[in-house]
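Atoms within each ligand, like the ligands themselves, are counted from 1 in listed order.
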Amino acid sequence: MIPIHLKDGVRLRGMTPQALLVVTIAAPIWEEYGVETLVITSGTDGKHSTGSYHHTGDGIDLRSRDIDDLVLPEIVQALQKALGTSYDVIQETTHIHVEYEG
Ligand SMILES: [Zn+2]
C-alpha cells in the first residue's frame, strides 16, 4: 500500500463517504502505475465554481504532478473504469478531479 497524504489546508469536513471512497479505490491504481504517493489536494476547501461538487462534499482532487505525462491519461481511464458510471473522473491541468454524481 502506498502512502496517502493530505496537502496542508485540505478540508475534509462534510465530505461524503462516496467521495472519500475514491481514495481507497485510487491507491492500488497509483501503485500499479508506479506512483509513489497519493496526495489529496482538495476536498470541501478552496475556491471552486458555483455548483461544484466540492461544495456538497461529493468532489475530491488528487495530485497529478507526480505522475508522468504519458501515464496520466491511462491512470485517469483506469480510475474511471474502477469507479464506474456513478463517478466522473476529469484530468485537469493541475490535478485529477473526481466527483460522485450518484
Ligand atoms: Zn475538483
- Message: Run the side chain to side chain contact (heavy atoms under 4.5 Å, CB included) test on Leu72 and Ile96 for me, step by step, so that the C-alpha distance in whole Å, both residues' side-chain angles and the decisive distance to 0.1 Å come before the verdict.
- Response: CA-CA 9 Å; Leu72 186 54; Ile96 299 168; 3.7 Å; yes
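Hydrophobic clustering, with ILVMFWY side chains joined whenever heavy atoms are under 4.5 angstrom apart, groups Tyr87 together with Ile25.
For His54, the N/O/S atom at the shortest distance from the Zn ion (ligand 1) is named NE2. Looking at His97 and the Zn ion (ligand 1) together, the shortest N, O or S contact belongs to ND1. Nearest to the Zn ion (ligand 1), among the N, O or S atoms that Asp61 has, is OD1.
Among His95, Arg63, Lys7, His48, the single residue meeting the side-chain hydrogen bond (donor to acceptor under 3.5 Å, both in side chains) criterion with Ser42 is His48.
Contacts of Asp66 classified as side chain to side chain donor-acceptor pair (under 3.5 Å), with partners at least two apart in sequence or in another chain: none.
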